[in-house]
Number of protein chains: 2
Amino acid sequence: MEKVNNATEKEALIREQVEKIGVFLEQQAKASAITPLAGRLFAFLILSDPPYQNFYDITEFLQASKSSISTALKALEQSGLVDYFTFSGDRKRYFRVNTKKWLEVEQMRLQQATIALGLAQDILEFRKDSKHQDFNEGVEKVVEFYEYITLGMQDLLEKWKSEQKSTK
Amino acid sequence: MEKVNNATEKEALIREQVEKIGVFLEQQAKASAITPLAGRLFAFLILSDPPYQNFYDITEFLQASKSSISTALKALEQSGLVDYFTFSGDRKRYFRVNTKKWLEVEQMRLQQATIALGLAQDILEFRKDSKHQDFNEGVEKVVEFYEYITLGMQDLLEKWKSEQKSTK
DNA sequence: CTTTTGGTTTTGCTATTAACGAACCAAACT
DNA sequence: AGTTTGGTTCGTTAATAGCAAAACCAAAAG
């Protein structure tokens with residue numbers, strides 16, 4: 001009776017963790033949620049000369065509908081990767097890649113490892129009473145690796161930032 | 001006439017680059033191609049005690065069909081994250097997370113930045129004759145960032161590896 | 001005030017994907 | 001040989017994603 005309660009309790013705990021880790025892996029896969037068209041749009045803007053293009057030029061180059069371009073632009077604008085400006089006396093918007101935000105977005109992505117570290121630590125904690133310590137050692141190596149990487153990465157990012165400030 | 005040829009030639013070049021970068025961003029989004037079920041399967045195996053489970057137990061816990069589990073297992077096996085073994089005198093396979101491969105896969109993922117660096121360098125090279133040097137400077141910052149990070153990362157990885165050897 | 005321009009929003013279609021059920025198969029047991 | 005066990009493979013189906021057509025809208029131009 002006691003045993004059964006413990007077992008179902010344990011299972012509920014596992015289900016909770018499974019959900020959490022499962023969602024993380026699922027998200028990780030989709031990550032930036034960039035569609036094929038948005039990808040090509042970004043590529044077009046980053047390569048084009050001048051590095052800003054209006055709505056019509058974009059539809060022409062990518063041979064896509066207005067609605068699709070509008071949607072793709074909206075997505076890229078929301079992520080900050082793309083913004084626009086206008087010339088006075090010209091109603092058209094000119095869209096361009098915001099290279100500063102691009103940099104920020106990339107920096108953010110590198111922080112992803114921190115989340116993975118947290119999960120790995122949770123896993124190890126979860127397994128601590130298991131008698132399969134050989135397996136746990138494997139998990140521990142992963143935790144150590146993430147620790148090493150996140151710390152090193154944090155360090156790299158800070159150094160780079162301060163380097164930028166001093167040479168500005 | 002000359003001008004027209006140059007223009008169309010340039011456009012073809014852009015199309016080529018757009019395709020390349022577009023595909024990269026698209027891939028990056030999908031990355032590991034892990035399905036929701038595969039994610040939960042991995043999570044279950046990494047949390048379960050003992051850290052190996054047979055086919056039936058997996059279907060029971062995840063409440064999924066045999067075919068779905070079989071497919072998810074195949075995907076995880078192909079990536080190397082999961083493998084199996086048998087006990088002699090027991091026909092069932094016991095599936096488990098291969099923590100060593102997990103580590104390797106994570107290390108590989110960190111190398112992704114190298115590809116991005118290559119692309120960013122190509123972009124800068126592609127833009128070198130543009131008169132919009134202010135924009136190009138923004139791209140250059142991104143290139144420098146990737147350079148800094150890939151080098152630092154390479155360094156981190158090597159240090160970690162040699163550290164592992166010495167403490168083994 | 002009506003028309004045009006430069007987009008956006010809504011709605012619907014199509015292709016892809018995730019998961020399933022059923023049939024199937026090889027190995028082991030009877 | 002026939003049956004059971006432990007899966008795999010092959011269509012199908014349901015959900016989702018990506019794109020487009022059409023209707024819409026605000027601001028500027030006529």
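Since the model is a prediction, treat every value here as computed from it, not as a measurement.
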S.K.: Using the side-chain hydrogen bond (donor to acceptor under 3.5 Å, both in side chains) criterion, which residues pair with D90(A)? Sequence neighbours excluded.
M.R.: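 Checked D90(A) against side-chain hydrogen bond (donor to acceptor under 3.5 Å, both in side chains); matches are Y94(A).
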S.K.: When all nucleic acid strands are considered with a 4.0 Å heavy-atom cut-off, which category describes I69(A): base, sugar-phosphate, or nothing?
M.R.: nothing
S.K.: Does the protein touch nucleotides 23-30 of chain C at the base, only the backbone, or not at all? Give it as B, S and - per nucleotide, heavy atoms under 4.0 Å.
M.R.: ----BS--
S.K.: Atom CD of E60(B) to atom P of dG6(D): distance rounded to whole Å?
M.R.: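 Roughly 13 Å, once rounded to whole Å.
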S.K.: Within this structure, what is the CD-to-P distance between E26(B) and dG18(D), rounded to whole angstrom?
M.R.: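 Rounded to whole Å, this separation is 9 Å.
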S.K.: CD1 of I34(B) versus P of dA18(C): gap in Å, rounded?
M.R.: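 Those two atoms, CD1 and P, are 11 Å apart.
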S.K.: Taking for each residue the nucleotide of DNA chain C bearing the nearest heavy atom, is the 5' side occupied by D90(A) or by T71(A)?
M.R.: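 Counting from the 5' end, the first nearest nucleotide belongs to D90(A).
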S.K.: Could you work out how much the helix from dC1(C)-dG30(D) to dT30(C)-dA1(D) bends, comparing the axis of its first five pairs with that of its last five, to 10°?
M.R.: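 It works out to 10° between the end axes.
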S.K.: Does dT8(D) have OP1 or OP2 under 4.0 Å away from a side-chain N or O of R93(B)?
M.R.: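 Looking at the OP1 and OP2 atoms of dT8(D), one of them is under 4.0 Å from a side-chain N or O of R93(B).
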S.K.: I want to check one thing: is the phosphate of dT8(D), taken as OP1 and OP2, less than 4.0 Å away from some side-chain N or O of S70(B)?
M.R.: yes
S.K.: Return the residues of residues 39-58 of chain A meeting this criterion: a heavy atom under 4.0 Å from some atom of DNA chain D. Order them by number, or give none.
M.R.: none
S.K.: Looking at I21(A) and L47(B), what are the two nearest heavy atoms and their distance?
M.R.: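 For I21(A) and L47(B), the tightest heavy-atom pair comes out as CD1-CD1, 4.1 Å.
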S.K.: State which of dG21(C), dT8(D), dA20(D) makes the closest approach to the side chain of S65(B).
M.R.: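 Shortest atom-to-atom distance from the side chain points to dG21(C).
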S.K.: Reckon A64(A) touches a base, only the sugar-phosphate, or nothing at all at heavy-atom distances under 4.0 Å?
M.R.: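 Here A64(A) touches the backbone only, sparing every base.
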S.K.: Within 45° of the axis and under 6.0 Å from the centre of the six-membered ring of F126(A), does NZ or CZ of K10(A) qualify?
M.R.: yes
S.K.: Which atom pairs, donor and acceptor, lie under 3.5 Å between side-chain atoms of residues 71-80 of chain B and protein residues at least two apart or in another chain?
M.R.:
from, atom 1, to, atom 2, distance (Å)
T71(B), OG1, S67(B), O, 2.9
S79(B), OG, L76(B), O, 2.9
S79(B), OG, L81(B), N, 3.4

S.K.: Provide the closest heavy-atom pair for I69(B) versus A64(B) in the form atom of the first, atom of the second, distance.
M.R.: CD1-CB, 3.9 Å
S.K.: Near DNA chain C, under 4.0 Å by heavy atom, which residues of residues 74-88 of chain A?
M.R.: K74(A)
S.K.: Taking only residues two or more places apart in sequence or in another chain, which ones pass side-chain contact (heavy atoms from CB on, under 4.5 Å) with Q121(B)?
M.R.: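 Here the qualifying residues are L117(B), V143(B), E147(B).
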S.K.: State which residues pass side-chain hydrogen bond (donor to acceptor under 3.5 Å, both in side chains) with S68(B); sequence neighbours excluded, sorted by chain then number.
M.R.: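 Result, side-chain hydrogen bond (donor to acceptor under 3.5 Å, both in side chains) vs S68(B): S65(B).
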S.K.: Just how far, in rounded Å, is C1' of dT4(D) from NZ of K92(B)?
M.R.: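 My rounded result for the distance is 12 Å.
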S.K.: At less than 3.5 Å, do the side-chain atoms of S67(B) and the base atoms of dA19(C) form a donor-acceptor pair?
M.R.: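 Under the 3.5 Å cut-off, the side chain and the base do not form any donor-acceptor pair.
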S.K.: Is the NZ or CZ atom of K101(A) positioned over F42(A)'s six-membered ring, under 6.0 angstrom from the centre and within 45° of the axis?
M.R.: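 Ring-cation test returns no.
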S.K.: Ring pair (Phe, Tyr, Trp, His ring centres under 6.0 Å) with F44(B): which residues, sequence neighbours excluded?
M.R.: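 With sequence neighbours excluded, F44(B) shows a ring pair (Phe, Tyr, Trp, His ring centres under 6.0 Å) to F61(B), given in chain and number order.
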S.K.: Considering residues at least two apart in sequence or located in another chain, which fulfil the side-chain contact (heavy atoms from CB on, under 4.5 Å) criterion with R96(B)?
M.R.: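 So R96(B) forms a side-chain contact (heavy atoms from CB on, under 4.5 Å) with Y52(B), D83(B), F85(B).
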S.K.: Got a sec, which residues hit salt bridge (Lys or Arg N to Asp or Glu O under 4.0 Å) with E60(A), two or more places apart in sequence or on another chain?
M.R.: none
S.K.: So for atom CZ, which belongs to F55(B), do other residues, nucleotides or ligands contribute more than 12 heavy atoms lying within a distance under 6.0 Å?
M.R.: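 Enclosed.
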S.K.: Output all residues satisfying salt bridge (Lys or Arg N to Asp or Glu O under 4.0 Å) with K128(A), sequence neighbours left out; order by chain, then residue number.
M.R.: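 Per chain and number, K128(A) pairs via salt bridge (Lys or Arg N to Asp or Glu O under 4.0 Å) with E125(A).
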S.K.: Does the pair K161(A)/E158(A) count as a salt bridge with the N-to-O cut at 4.0 Å?
M.R.: no
S.K.: When all nucleic acid strands are considered with a 4.0 Å heavy-atom cut-off, which category describes T35(B): base, sugar-phosphate, or nothing?
M.R.: sugar-phosphate
S.K.: What is the separation between atom CG on L37(B) and atom C1' on dA15(D), rounded to the nearest whole Å?
M.R.: 15 Å
